[in-house]
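One structure is given here, and the rest of the page talks about it.
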2 protein chains.
Amino acid sequence: MAYRETEKMRMRKAEARQRIVSCAYQCVAKSGFHSARVTTIAAMAGVATGTIYRHFESKEDLFAEIFRLATQREVDKVAEALSTQGDATVRLEAALRQFAERALRGPVMAWSLIAEPVDPKVEEERLAYRQAYAELFEKAISEGIEEGCIPEQDARQSSTCLVGAIAESLVGPLSPAQAASQAEPINDNYEPLVNSILRFCIQGLTGTRR
Amino acid sequence: MAYRETEKMRMRKAEARQRIVSCAYQCVAKSGFHSARVTTIAAMAGVATGTIYRHFESKEDLFAEIFRLATQREVDKVAEALSTQGDATVRLEAALRQFAERALRGPVMAWSLIAEPVDPKVEEERLAYRQAYAELFEKAISEGIEEGCIPEQDARQSSTCLVGAIAESLVGPLSPAQAASQAEPINDNYEPLVNSILRFCIQGLTGTRR
DNA sequence: ACAAGAAATGAATAATGATTCACTGTTTAA
DNA sequence: TTAAACAGTGAATCATTATTCATTTCTTGT
């Protein structure tokens, strides 16, 4: 035997893989899973099309990894916001703000994660993603119920409403504007919009006027 | 000239067109725009593939018409519910119930109308659809604000949250279950689910515990 | 420098599905 | 009954992309 995989090679391969992942991520963030082409990703990453298939079984597998990555970031941020000081309502508000602001800053990716139709393997990841959120919010809502700052309710169902209200608030604006406003970050000042959404969400949860 | 379109022919053509529309509608209702095949629709309608193109410029045009049709039904129902007796909150609740129940009864079509990615011409119809809802709910919310039963707020934004909360509550359950629960009507008893969603929505609007 | 093994390449292939169009069948008015 | 005009047909075409694989290029240990 004359060839043995060496550290240097392992590194180089890892770098290529990383570059592929990063470019795929950018493509998805720019226009969603559906329009992300394997060929384009390869070109961006400076490798041949076939090389993608040395690192990933299939497009689906690559995308599943992208989904997982993107998801992890989002869920972590929300979990972080939920684990700060304050009563459940305050923590939930912080978490929802985090969720909404991040979604508004990257609406295409947010839409891809929440609602874009994707292949089965990616859909599986989405199930995990939904459950991660559902569990996080559910836990916080349940804590709020125990603390007494949130009235009795189906925590899982409320969590779904929260995600939906926020998602629709950004998917709606996204759809028609697409070509026109996609180039720019749409709007610098999300504050009023986010406040408006949050007021609705928190009222929906607590039934207390804000 | 030896041939002139006669009433009989006009009728026959209209029937064929109607059959195409109806079959296309069924296909979309069963699995969304994306998986509705021109060939399948033609077969269902008992005509050749090419015949579809004698009645519609393109698949996109056919689908735009389907979207418009489906949309009209939904918007009409909501408008009807909004024009009954009672104060704004009561009317809104009736309308939201109508919206939610219909969506739950036909979740695939609901998802197609609300969030499925579609071609530009269909997307245009969606814009009109969104605006129709936005205007209906907005008007009712504004009336509620004048009546004093709903506090001051951005009516358009709230309307978006309403639609989102309901949509997500049915899209979520839809996604993973797909194959498994699509055969049956999922569940006969929507009452508790709908009540739960509505509580959240009305609280979100009014900030008053239900 | 060499040969064995691996990695990279990208043009060719395969699969899918909308759309076309040359042809066949029908309807109409004279 | 005939021919002009139209309607219907569906196999063939075109377009789009993921995926493959024979070939080339690079790495490594001797």
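In the text below, chain A, chain B and the rest are named by the order of the sequence lines, each starting its count at 1. Hydrogens, waters and symmetry mates play no part in the numbers below; they use all other heavy atoms, side chains included.
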Q.
Strictly distance-based, threshold 3.5 Å: is any side-chain N or O of Glu116(B) a donor or acceptor partner for the main-chain N or O of Phe33(B)?
A. yes
**Q.** Members of residues 37-52 of chain B that approach DNA chain C, where some heavy atom sits under 4.0 Å away
**A.** Arg37(B), Val38(B), Thr49(B)
Q) Hey, do the aromatic rings of Phe99(A) and Tyr133(A) have their centres closer than 6.0 Å? A) yes
Would you mind reading off the distance between [X] atom [atom1] and [N] atom [atom2], rounded to a whole angstrom?
X        : N       : atom1 : atom2 : answer
Met11(B) : dT27(C) : CE    : P     : 15 Å
Arg4(B)  : dT28(C) : CZ    : P     : 12 Å
Phe56(B) : dT19(C) : CZ    : P     : 13 Å
Lys8(A)  : dC26(D) : NZ    : P     : 12 Å
Phe33(A) : dT17(D) : CZ    : P     : 17 Å
His55(A) : dA7(C)  : NE2   : P     : 9 Å
Glu5(A)  : dT27(D) : CD    : P     : 13 Å
Ile20(B) : dA7(D)  : CD1   : C1'   : 12 Å

Q. Can you check whether Tyr3(A) has a side-chain N or O nearer than 4.0 Å to OP1 or OP2 of dT27(D)?
A. no
Q: Check whether any side-chain N or O of Lys13(B) sits under 4.0 Å from OP1 or OP2 of dC6(D), and answer yes or no.
A: no
**Q.** Parallel, tilted or perpendicular, as decided by the 30° and 60° cut-offs, for the rings of Phe67(A) and Tyr129(A)
**A.** perpendicular
(Q) Nearest heavy atom decides the nucleotide; on that basis, is Glu57(B) or Glu7(B) closer to the 5' end of DNA chain C? (A) Glu57(B)
Q: Map Lys59(B) and Thr6(B) onto DNA chain C by nearest heavy atom, then report which one ends up closer to the 5' terminus.
A: Lys59(B)
**Q.** Student check: side-chain heavy atoms of Arg156(B) and Phe137(B) closer than 4.5 Å
**A.** no
Q: Please confirm whether Arg73(B) makes a cation-pi placement over Tyr25(B), using NZ or CZ under 6.0 Å from the six-membered ring centre and within 45° of the ring normal.
A: yes
Q) Which is it for Val118(A) and Glu125(A) under the side chain to side chain contact (heavy atoms under 4.5 Å, CB included) test, yes or no, and what are the steps along the way? A) CA-CA 10 Å; Val118(A) 291; Glu125(A) 297 296 328; over 6 Å; no
Q) When you look at CD of Glu7(B), are more than 12 heavy atoms from neighbouring residues, nucleotides or ligands closer to it than 6.0 Å? A) yes
